[in-house]
Amino acid sequence: MLSRTVVNGALGQLSNIRSLPSRLHRTVLPPSFSSTAQRRVKYKPLTSMDSLRPASACKRQRTSVEADCVAPRHEVGKTFNVPGLVVREHTFTVPLDYSNQAGPFKGQTITLFARELLAPAKNENLPFLVYLQGGPGFEAPRPCEASIWIKSAINSHRVVLMDQRGTGRSTPITTANLAKRGGPDQQAEYLALFRADSIIRDCEHVRKLLVPANNFGGKWAVLGQSFGGFCATTYLSQAPKGLMEVLITGGLPPLVAQPCSAEDVYQALHKRVLAANAKYYERFPGDVELVMRIVRYLAAQPTGGVQLPSGTHLTPRLFQTLGLSGLGTGGSFERLHYLLDSFFDADEEMTPAFARSFESWQSWDSNPLYALLHEPIYCQGRDSAADWAADRVRNSEPFASAFDPLAAAAENRAVMFTGECVYRFMYDDVAALRPFKETADVLAKKSEWSMLYDPAALSNNRVPAAAVSYVDDLYVDYDMAIGTAATIKGLSLWVTNEYRHSGIRDDGGRIFDRLLGMARNAIFD
């Protein structure tokens, strides 16, 4: 077992890292919502429904989330079976820009793609549930069978897996087509239309075209994982009338006083990452020496790193980013350990197997939105520039010393992996991101963003909602999540350290069923 002294140099100045109980499992309703005058939400019995609504002309009924009518369209695609599921494909045409302002994108549309999942019995009387994927910038799952949470969800809902705009088959943004959008300023202006507020406006168009009015009043449920939970909270803020219930897994966003919460987020994140490193090295103490050897090897190369097949420059600082995927999900410690174990060959050179695996660990080439919008997802309103918040935090003490890989290796102390951050240097080291460094700079300096959350609306919420918050979540800060939970009126919160951030993938059936039960027993004063 690794002694704590191995990582004391990194952790010594962080006295506020909490010591957690060995097991925590409780369900709470934030005390601010309790009242002697409470009512239990009533649910209507299932009603029969018509067949899928055909594409229709756009209705000119304005809401706060609708732009000028551009005649949204809906087309039903092919239907096929996979084990335990009937899969039906849908495409929708929606506005690109919902701002209602004259500009380069006025009148332009994009295509959204979604898969509807039903149990083989095809009970089309069930309510709809849309799943919002984590990210930003990742497509919905591609189901090969009824597994994990989906197997439970299709018993109570018709599940809609929607590729969020810019991902999958929903007018995807790629490293190839983004370059065709003009220079950095034009690219940044386009990318700003792919945040949570636009995503939930898309959801509203899809809901109105897909869900018949006689199916639970035309409302649907939402399940949001991670960033999908951020989107669900935006949904509660801006378009709650379309929602029958909301479930959030590891995705309660930070609601802080500043227009941009990115700096607060990364201050908390870097502390959690140091604690996760300590746990990793306790699990695999032999990797302390191995990681130092790898850092020394990379630093000793003539260019300060090794060029990978893609053109990416694997430097010590980029090597540290393995922690993004290697420290925070179920089984990630083991996967990271096995990856590191493959680094050296018999001649103490880096193996081709490691080079190939390193590049497959991250999705900068296939999902560039994840990098480019990583910090802007925390910004709203005026004077809200992210301004490379993760870099500013990392370059300040105590983190500058704690995360310096060369100093750590030279001093024979554990090298710290980093967490879910997109640092500016990555636009130098990662080949797929290099063409977009100036675009990323424009986004970092952008100081006026659309609004995402409305605390007043959340404090008056009437939509049944339930969330699970993971005490040891590396990606979404627990303390900030608890603060947000206290803002959303009527939200039932399950707090646990049984799972890490990937709970919905690791034990999704249990988590889904429990949250659904909590939401359907929601109490409002």
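Note that the structure is predicted; figures quoted are calculated from it, not measured.
Donor-acceptor pairing under 3.5 Å is recorded for the side chains of Q225 and T249. Judged purely by distance below 3.5 Å, without hydrogens or angles, the side chains of D429 and H313 never pair a donor atom with an acceptor atom. E204 and Y235 form a side-chain donor-acceptor contact under 3.5 Å, judged by distance and modelled atom types alone. Counted by atom type alone, D345 and T351 present zero donor-acceptor pairs between their side chains at under 3.5 Å. A donor and an acceptor atom, one from each side chain of T91 and H74, are nowhere located under 3.5 Å apart. Y499 and D473 are not linked by any side-chain donor-acceptor pair at a separation below 3.5 angstrom, with hydrogens and angles left out of the test. A donor-acceptor pair shorter than 3.5 Å cannot be found between the side chains of S447 and R382.
Between D163 and R142 the shortest side-chain heavy-atom distance falls below 4.5 Å. Using a 4.5 Å cut-off on side-chain heavy atoms (C-beta onward), Q307 and L314 make no contact. Considering only heavy atoms from C-beta on, Y281 stays 4.5 Å or farther from R283 through its side chain. Residues H205 and P95 meet the side-chain proximity criterion, which asks for heavy atoms closer than 4.5 Å. At least one side-chain heavy atom of L340 sits less than 4.5 Å from a side-chain heavy atom of L322. Contact annotation: the side chain of T329 approaches that of R335 to within less than 4.5 Å [non-hydrogen atoms, C-beta and beyond]. With a 4.5 Å cut-off on side-chain heavy atoms, L336 and L327 count as touching. Looking at heavy atoms from C-beta onward, T315 lies out of side-chain contact with L298 at the 4.5 angstrom threshold.
Below 30°, between 30° and 60°, or above 60°: for F343 and Y297 the angle between ring planes is above 60°, a perpendicular geometry.
Of all heavy-atom pairs between F227 and G135, the closest is CB-N, 3.3 Å. Here the closest heavy-atom approach between residue P143 and residue V82 is recorded as O-CG1, 4.1 Å. Across P172 and N177, no two heavy atoms sit closer than the pair O-ND2, 2.9 Å. Looking at every heavy atom in both residues, R88 comes nearest to T79 through CG-OG1, 3.5 Å. When every heavy atom of L308 is checked against every heavy atom of M350, the shortest pair comes out as CD2-CE, 3.8 Å. Across all their heavy atoms, L474 and G323 have their closest contact at CD2-O, 4.3 Å.
Of the possible donor and acceptor atoms, none in the side chain of D404 sits under 3.5 Å from a partner among the backbone N and O of A409. No side-chain donor-acceptor contact under 3.5 Å links Q238 to the backbone of D197. Under the 3.5 Å distance criterion, the side-chain polar atoms of S198 are matched with a main-chain donor or acceptor of L193. Using modelled atom types, no side-chain atom of E375 and backbone atom of A262 make a donor-acceptor pair closer than 3.5 Å. The main-chain N or O of E448 is found under 3.5 Å from a side-chain atom of K446 such that the two form a donor-acceptor pair. Side-chain atoms of D387 do not come within 3.5 Å of backbone N or O of A389 as any donor-acceptor pair. Proximity of a side-chain donor or acceptor of S401 to a complementary backbone N or O of P398 within less than 3.5 Å is not detected. With hydrogens and angles ignored, the 3.5 Å screen pairs no side-chain donor or acceptor of T175 with any backbone N or O of A432. A donor-acceptor contact shorter than 3.5 Å is absent between the side chain of E89 and the backbone of E75. R195 places a side-chain N or O within donor-acceptor distance of the main-chain N or O of P376, the cut-off being under 3.5 Å.
Here H157 contributes atom NE2 and I150 contributes atom CD1; the two are 13.5 Å apart, rounded to the nearest 0.5 Å. Separation of atoms CD1 (I488) and CG (L255) is listed at 7.0 Å; rounding is to 0.5 Å. Atoms OG1 and CE, from T321 and M426 in turn, are 5.0 Å apart once rounded to the nearest 0.5 Å. Taken to the nearest 0.5 Å, the CG atom of L269 stands 8.5 Å off from the CG atom of D477. Atom OG1 of residue T167 and atom CD1 of residue I173 lie 9.5 Å apart, to the nearest 0.5 angstrom. Here D97 contributes atom CG and R201 contributes atom CZ; the two are 10.0 Å apart, rounded to the nearest 0.5 Å.
Judged by a 6.0 Å distance limit and a 45° cone about the ring axis, K151 is not positioned over the six-membered ring of W149. In this structure, R181 forms a cation-pi arrangement with Y190, its terminal cationic atom sitting closer than 6.0 Å to the ring centre and no more than 45° off the ring axis. A cation-pi arrangement, defined by a distance under 6.0 Å to the six-membered ring centre and an angle within 45 degrees of its axis, is absent between R394 and Y266. Both cation-pi conditions hold for R500 and F333: the charged atom is under 6.0 angstrom from the six-membered ring centre and inside a 45 degree cone around its axis.
Taking the six-membered ring for Trp and the full ring otherwise, F417 and F319 have centroids separated by under 6.0 Å. Taking the centre of each ring, Y280 and H337 stay at or above the 6.0 Å mark. A centroid separation of 6.0 Å or more is found between the aromatic rings of F92 and F113. You'll find the ring centres of H374 and Y423 outside the 6.0 Å limit. Taking the centre of each ring, Y370 and F138 come in below the 6.0 Å mark.
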From CA spacing to verdict: salt bridge (Lys or Arg N to Asp or Glu O under 4.0 Å), K279, D472:
CA-CA 11 Å; K279 293 179 180 179; D472 296 321; 3.8 Å; yes

Taking it one step at a time, do D202 and Y98 satisfy side-chain hydrogen bond (donor to acceptor under 3.5 Å, both in side chains)?
CA-CA 9 Å; D202 292 341; Y98 289 98; 2.7 Å; yes

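For E349, there are no salt bridge (charged side-chain N to carboxylate O under 4.0 Å, His left out) partners two or more places apart in sequence or in a different chain.
With a 6.0 Å radius and a threshold of 12 heavy atoms from other residues, nucleotides or ligands, Q186 has its CD atom above the threshold. Heavy-atom contacts from other residues, nucleotides or ligands closer than 6.0 Å to CZ of F80 number more than 12.
Between L515 and the options V246, I504, V468, I248, a side chain to side chain contact (heavy atoms under 4.5 Å, CB included) holds for only V468.
No salt bridge links R169 with E139; every basic N to acidic carboxylate O contact stays at or beyond 4.0 Å. One finds a salt bridge joining D428 and K437 here, because a Lys/Arg side-chain nitrogen approaches an Asp/Glu carboxylate oxygen to under 4.0 Å.
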